[in-house]
Amino acid sequence: TFPRPAALLSSRMSRRLPRVVFDTPVEKARPLGLSFYAPLAGVCFTVGACLELFMIKTGFYEKVVVIEAERRAEAPPAWAAALQHAKDKSSSGNSSSSSTPPRK
């Protein structure tokens, strides 16, 4: 068990702290209905559409395409490097070995 917060304080400090008493009973939160979620969905859709329109109008996607093309041109992806390594390894190895049959 964990010590209560009042037990962590010295007795002199705990006497100075006000005691919090809740007179009203705590109610359970009731679920929000369609009257709340429908306008919320409309607002979220509108904000998202405005953001997309802003990105299209400012040329964001064109810039992303250029940056991604430059990144891909600098170095091949890992899978392509592994494929090239396997190809080089098989061509430099025993050339008289039989090839494996194709997978079905």
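Numbering of residues begins at 1 and proceeds along the displayed sequence.
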Let me have the donor-acceptor pairs involving side chains of residues 28-36, under 3.5 Å, with sequence neighbours excluded, atom names and distances please.
none

| request: Report the residues that fulfil side-chain hydrogen bond (donor to acceptor under 3.5 Å, both in side chains) with Tyr37, sequence neighbours left out, ordered by chain and then residue number. | output: none
| note | Exactly one candidate in Lys63, Glu62, Glu70 meets side-chain contact (heavy atoms from CB on, under 4.5 Å) with Val66; the answer is Glu70
| query | Which residue pairs pass the side chain to side chain donor-acceptor pair (under 3.5 Å) test when at least one of the two sits in residues 39-51, sequence neighbours left out? | reply | none
| query | With sequence neighbours left out, what residues match Ala80 under side-chain contact (heavy atoms from CB on, under 4.5 Å)? | reply | Pro76, Pro77
| said: Test of understanding: with side-chain contact (heavy atoms from CB on, under 4.5 Å), list the residues that count as partners of Thr58, not counting sequence neighbours. | reply: Phe54, Phe60
| What distance do Leu51 atom CG and Ile56 atom CD1 have between them, rounded to the nearest 0.5 Å? | 11.0 Å
| field | With Glu68 via side-chain hydrogen bond (donor to acceptor under 3.5 Å, both in side chains) - residues at least two apart | value | Arg71, Arg72
